[in-house]
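Here the structure comes first, spelled out in structure tokens, and everything after it is commentary.
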Protein chains: 2
Amino acid sequence: MTASSCYTRTWTTQRAPGLAKAKRTLKWQRDPEGMRLRILEAAKQEFSAHGLAGARVDRIAAKAGANKRMLYYHVGNKDELYLAVLEGAYDKIRSEERGLDLEHLDPPEAIRRLIEFTWNYFLRNPEFLSLLQTENLARAKHLKKSTKVKSMHSPFVEMIRTVVRRGVESGDFQVAVDPVQLYISIAALSFFYLSNSAALSVIFGRDLLDKKAKDERLAHMSGLVLAALTGRSVELFEIAKAPKSRSAVAQTV
Amino acid sequence: MTASSCYTRTWTTQRAPGLAKAKRTLKWQRDPEGMRLRILEAAKQEFSAHGLAGARVDRIAAKAGANKRMLYYHVGNKDELYLAVLEGAYDKIRSEERGLDLEHLDPPEAIRRLIEFTWNYFLRNPEFLSLLQTENLARAKHLKKSTKVKSMHSPFVEMIRTVVRRGVESGDFQVAVDPVQLYISIAALSFFYLSNSAALSVIFGRDLLDKKAKDERLAHMSGLVLAALTGRSVELFEIAKAPKSRSAVAQTV
DNA sequence: ACAGTATTTATCCAACGGGTTAATTTCTCC
DNA sequence: GGAGAAATTAACCCGTTGGATAAATACTGT
């Protein structure tokens with residue numbers, strides 16, 4: 001319950017290292033940029049772990065090694081803090097995506113790469129999933145106030161649109177598909193699986209996050225999307241075997 | 001802020017309608033079953049609207065036209081209440097699914113029907129989406145305590161497994177696919193689109209919930225899954241047109 | 001008609017939680 | 001070396017909230 005003390009800032013530094021006499025002991029040190037970053041990082045953890053209403057401003061301060069007042073001084077109130085975190089999260093994923101360089105791959109390979117990237121990004125950044133879920137439960141009320149976020153996405157959509165068009169022209173893809181629909185589907189297949197893995201693991205009685213399950217999932221998703229686009233049914237798709245004894249599977253999360 | 005009074009119970013009934021003298025006025029009336037139902041319904045609304053931490057016990061009581069004490073008397077504390085709501089929600093969807101009668105349709109038609117049902121069910125029951133999201137943010141801690149829920153799903157998985165097997169045997173499906181993967185994918189395509197429509201509408205700058213968008217989404221999803229399974233690229237898949245002026249689209253939610 | 005139980009109402013409260021105010025300390029520039 | 005601005009700490013405020021206690025009222029069987 002009580003905030004875990006990730007680390008306590010021990011700014012009890014010596015001043016004026018040369019002088020022997022004047023070695024005053026500082027109680028703390030100024031560091032506005034660092035403070036802001038620590039606050040945002042702590043807030044990201046707290047919001048993704050507890051949601052918007054569940055997040056505690058005091059815990060964020062504690063995790064950031066800061067006084068609660070600092071949150072308001074450097075960022076703003078709880079909602080503004082949340083928006084800042086969210087913008088940072090979107091910025092990070094879209095900027096990594098830009099590095100994928102899909103334009104120079106042949107279309108099926110580009111799509112496969114996008115799928116794999118999305119899957120791995122979500123795996124590596126579970127807080128991103130939580131933050132989005134939380135924002136959607138709030139009906140995107142924070143995002144609607146953001147100006148930055150909207151502009152970050154048109155280039156991304158155009159990138160996918162180009163890949164699809166090239167695929168159709170080269171004959172690799174059977175069908176032209178709306179890039180927004182396609183991206184939403186690609187994101188959906190990973191997002192839902194991962195963000196709901198806790199509940200899904202319980203209701204289906206098998207651990208969806210162990211190594212084998214994750215490999216199978218990636219193969220399934222790539223196969224599904226690429227088969228639909230190209231018409232050629234790619235490798236994948238494990239055969240459906242009827243369980244004999246329905247042995248209970250551990251549900252380590 | 002103050003709880004909206006959905007309806008106020010006016011139990012100020014006349015007793016003993018035949019007798020003229022003894023027409024006592026009751027302050028309230030007993031109704032344990034009805035009370036329990038009203039509490040669960042109110043709780044469903046509150047939890048789906050505000051999440052777990054955001055939900056207010058007092059508001060639930062007010063919405064149910066009950067005294068707060070009643071929640072604890074009839075169901076339990078906040079967490080037990082939430083679990084009860086969740087179990088009810090799962091029970092409802094799985095029971096409707098049983099009525100789909102997929103066993104007697106030819107496999108592609110069965111899958112299409114499952115996709116359409118899932119989509120429409122999520123559209124008709126947005127609280128279901130919220131409840132699941134909330135539960136997953138809580139890492140399924142409530143579901144793990146449930147005994148009922150686990151057993152509700154094996155028959156459902158077997159139903160899909162059978163459809164897939166029949167499809168492979170008849171040659172309709174190119175590939176055998178794990179029924180759990182398939183169902184997760186089908187659910188994912190609808191779930192993510194709808195549960196994240198608020199944020200997606202903002203970042204992509206178009207209203208994903210208007211009539212046209214919804215029709216397109218259903219076509220896209222059916223096309224994607226059936227094309228992948230059958231190899232024949234079904235109708236659908238709108239051509240990707242480059243926007244000329246990128247006209248702003250209203251974002252009614 | 002009455003006793004006993006089930007159901008519901010009426011209050012209370014202590015901890016919490018977001019946000020604010022005011023005082024303190026550090027840094028920068030002249 | 002000192003004044004003024006920036007950054008940080010410390011302490012407080014006050015409405016909220018989940019939950020509890022006790023008293024009141026309705027029903028049931030006899």
Side-chain angles (χ1 to χ4, degrees), chain A residues 1-3 8-16 19 21-39 42-43 46-47 50-83, chain B residues 1-3 8-16 19 21-39 42-43 46-47 50-83:
Chain A
M1 271 302 166
T2 17
T8 32
R9 286 192 300 157
T10 45
W11 285 142
T12 326
T13 330
Q14 313 296 97
R15 229 279 201 74
L19 302 170
K21 259 294 181 40
K23 59 171 180 183
R24 273 187 54 216
T25 296
L26 292 173
K27 293 187 179 171
W28 46 268
Q29 211 171 270
R30 285 190 182 184
D31 181 19
E33 300 85 1
M35 176 68 91
R36 193 186 149 87
L37 287 181
R38 270 179 293 131
I39 288 172
E46 177 72 10
F47 282 127
H50 303 283
L52 188 55
R56 294 292 164 253
V57 173
D58 299 81
R59 274 196 301 243
I60 295 175
K63 263 181 236 171
N67 186 287
K68 184 167 52 162
R69 179 69 177 76
M70 291 291 86
L71 312 191
Y72 298 91
Y73 184 76
H74 287 287
V75 189
N77 66 18
K78 199 179 182 184
D79 285 298
E80 295 169 310
L81 194 49
Y82 182 75
L83 176 57
Chain B
M1 269 305 164
T2 16
T8 33
R9 288 192 299 157
T10 46
W11 286 140
T12 326
T13 330
Q14 313 296 99
R15 231 277 200 74
L19 303 170
K21 259 301 183 32
K23 59 172 178 184
R24 270 187 57 216
T25 295
L26 291 174
K27 293 189 179 172
W28 46 269
Q29 210 171 272
R30 283 190 182 183
D31 181 19
E33 298 86 1
M35 176 68 90
R36 193 185 149 88
L37 287 181
R38 269 179 295 132
I39 289 172
E46 178 71 11
F47 282 127
H50 303 283
L52 188 55
R56 293 294 163 251
V57 174
D58 300 80
R59 274 198 301 243
I60 295 175
K63 263 181 237 172
N67 186 287
K68 185 166 50 164
R69 179 69 176 75
M70 292 289 87
L71 312 192
Y72 298 92
Y73 184 77
H74 287 287
V75 188
N77 66 17
K78 201 180 181 184
D79 285 298
E80 294 169 309
L81 195 49
Y82 183 74
L83 176 57

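In what follows, chains are A, B, ... by sequence order, proteins preceding strands, each numbered from 1. Just so it is clear, the model here is predicted, and its values are computed rather than measured.
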For dG18(D), take OP1 and OP2 only and decide whether either is under 4.0 Å from a side-chain N or O of R56(B).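 For dG18(D), OP1/OP2 do have a side-chain N/O of R56(B) under 4.0 Å.
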
Check the phosphate of dA6(D) against H74(A), side-chain N and O only, distance under 4.0 Å to OP1 or OP2. Yes or no? no

Are E33(B) and D31(B) packed together at the side-chain level, in the sense that at least one heavy-atom pair is separated by less than 4.5 angstrom?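 Yes - at least one pair of side-chain heavy atoms lies under 4.5 Å apart.
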
Any side-chain heavy-atom pair from F47(A) and L81(A) closer than 4.5 angstrom? yes

May I have the distance from [X] (atom [atom1]) to [N] (atom [atom2]), rounded to whole angstrom?
{"X": "D31(B)", "N": "dA6(C)", "atom1": "CG", "atom2": "P", "result": "17 Å"}
{"X": "L52(B)", "N": "dT17(D)", "atom1": "CG", "atom2": "C1'", "result": "14 Å"}
{"X": "D58(B)", "N": "dC12(C)", "atom1": "CG", "atom2": "P", "result": "16 Å"}
{"X": "L81(B)", "N": "dG19(D)", "atom1": "CG", "atom2": "P", "result": "10 Å"}
{"X": "E80(A)", "N": "dG18(C)", "atom1": "CD", "atom2": "P", "result": "15 Å"}
{"X": "K27(B)", "N": "dT25(D)", "atom1": "NZ", "atom2": "P", "result": "4 Å"}
{"X": "Y72(B)", "N": "dA20(D)", "atom1": "OH", "atom2": "P", "result": "7 Å"}
{"X": "K78(B)", "N": "dT16(D)", "atom1": "NZ", "atom2": "C1'", "result": "12 Å"}

Check side-chain hydrogen bond (donor to acceptor under 3.5 Å, both in side chains) between N77(B) and all other residues, then give those that pass, not counting sequence neighbours. none

Classify the nucleic acid contact of [X] as base, sugar-phosphate or nothing, counting any heavy atom under 4.0 Å across all strands shown.
{"X": "R69(A)", "answer": "base"}
{"X": "A55(B)", "answer": "sugar-phosphate"}
{"X": "A61(A)", "answer": "nothing"}

Got a second to check how far L52(B)'s CG is from K78(B)'s NZ, nearest 0.5 Å?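 NZ of K78(B) is found 5.5 Å from CG of L52(B).
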
D79(B) vs R30(B), nearer the 5' end of DNA chain D by closest nucleotide: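 Residue closer to the 5' terminus by nearest nucleotide: D79(B).
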
Per side-chain contact (heavy atoms from CB on, under 4.5 Å), Y72(A) is matched among M70(A), K68(A), H74(A) by K68(A)

